[in-house]
Amino acid sequence: MDQEIAVRGFVLGILYRLDLRVIGCRLWFCIYQSGANCDGATLGEVQAKWSMAFSIAKELKDLLVKIFVSKQDALKVIQDCWQDWLADKYGLEQALKHGSCSEKIKQEEIDDIIKNDIWNRIFEEIIRRRSQGF
């Protein structure tokens, strides 16, 4: 029963996120993504795995739709999806570390993780150089 509640809640969270038209993992959006994964993970190991599976599936869907349907800049879409995945992973880690999500998800920590991630820095540098004509 708990697994069904967790999966249903996480699916509803994903459907809610799909309606958001936010580009980039900024402001409260990362908090929401981390929180959804944290909530799923607090219900147990199986729910944590489902949360991560849904997160990966959502990011793959974003990649395909934004690049091939919406014709958005592929590099920026990849960077956005990578940032989202870092926020998702952070939420799962917080749940496993603390056993609950109450005030464990902090935007500052998410921003630091994204800012210090090597792949994110590579994406930013490539985008910066490309915009300067290199």
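For the single chain, residues carry numbers from 1 onward in sequence order. None of these values were measured; they are calculated from a predicted model. As a basis for the values below, the full set of heavy atoms in this structure was taken, side chains included, without hydrogen atoms, waters or symmetry mates.
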Report task. Mind listing the closest non-hydrogen atom pair of Phe123 and Leu75 along with its distance? Result -> CD2-CD1, 3.7 Å
Query raised in the report: Is any side-chain heavy atom of Asp117 closer than 4.5 Å to a side-chain heavy atom of Trp82?
Result: yes
**Report entry** Cluster overlap Val69 with Ile67, hydrophobic side-chain contacts below 4.5 Å
**Finding:** no
Query raised in the report: Is the shortest heavy-atom distance from the side chain of Asp80 to the side chain of Gln72 under 4.5 Å?
Result: no
**Report entry** Option from Arg128, Arg129, Arg130 for which side chain to side chain donor-acceptor pair (under 3.5 Å) with Gln132 holds
**Finding:** Arg128
Query raised in the report: Is it true that Arg121 and Glu125 have a side-chain N and a carboxylate O under 4.0 angstrom from each other?
Result: no
Query raised in the report: When rounded to the nearest 0.5 angstrom, what is the spacing between NZ in Lys76 and CD1 in Ile78?
Result: 13.0 Å
Query - Interatomic spacing from OG in Ser51 to CD1 in Ile56 - rounded to 0.5 Å - result: 11.0 Å
Query raised in the report: If every non-hydrogen atom of Val77 is compared with every non-hydrogen atom of Asp62, which pair is closest and at what distance?
Result: CG1-O, 4.2 Å
Query raised in the report: Rounded to the nearest 0.5 Å, how far does CD of Gln83 lie from CD of Glu59?
Result: 10.5 Å
Report task. Could you tell me the separation between the OH atom of Tyr90 and the CG atom of Asp111, rounded to the nearest 0.5 Å? Result -> 10.0 Å
Report task. Apply the test side chain to side chain contact (heavy atoms under 4.5 Å, CB included) to residues Lys58 and Asp88: give CA-CA distance (whole Å), side-chain angles for both, the deciding distance (0.1 Å), then the verdict. Result -> CA-CA 11 Å; Lys58 190 251 181 216; Asp88 292 340; over 6 Å; no
Query raised in the report: Distance from Ser131 atom OG to Asp73 atom CG, nearest 0.5 Å?
Result: 10.5 Å
Report summary line: Sorted by chain and number, sequence neighbours left out, side chain to side chain donor-acceptor pair (under 3.5 Å) with Lys89 holds for Glu93
Report task. Starting at CG of Asp84, measure out to CD of Gln79 and round the result to the nearest 0.5 Å. Result -> 10.5 Å
**Report entry** Pairwise side-chain contact, Trp85 with Met52, heavy-atom cut-off 4.5 Å (strictly under)
**Finding:** yes
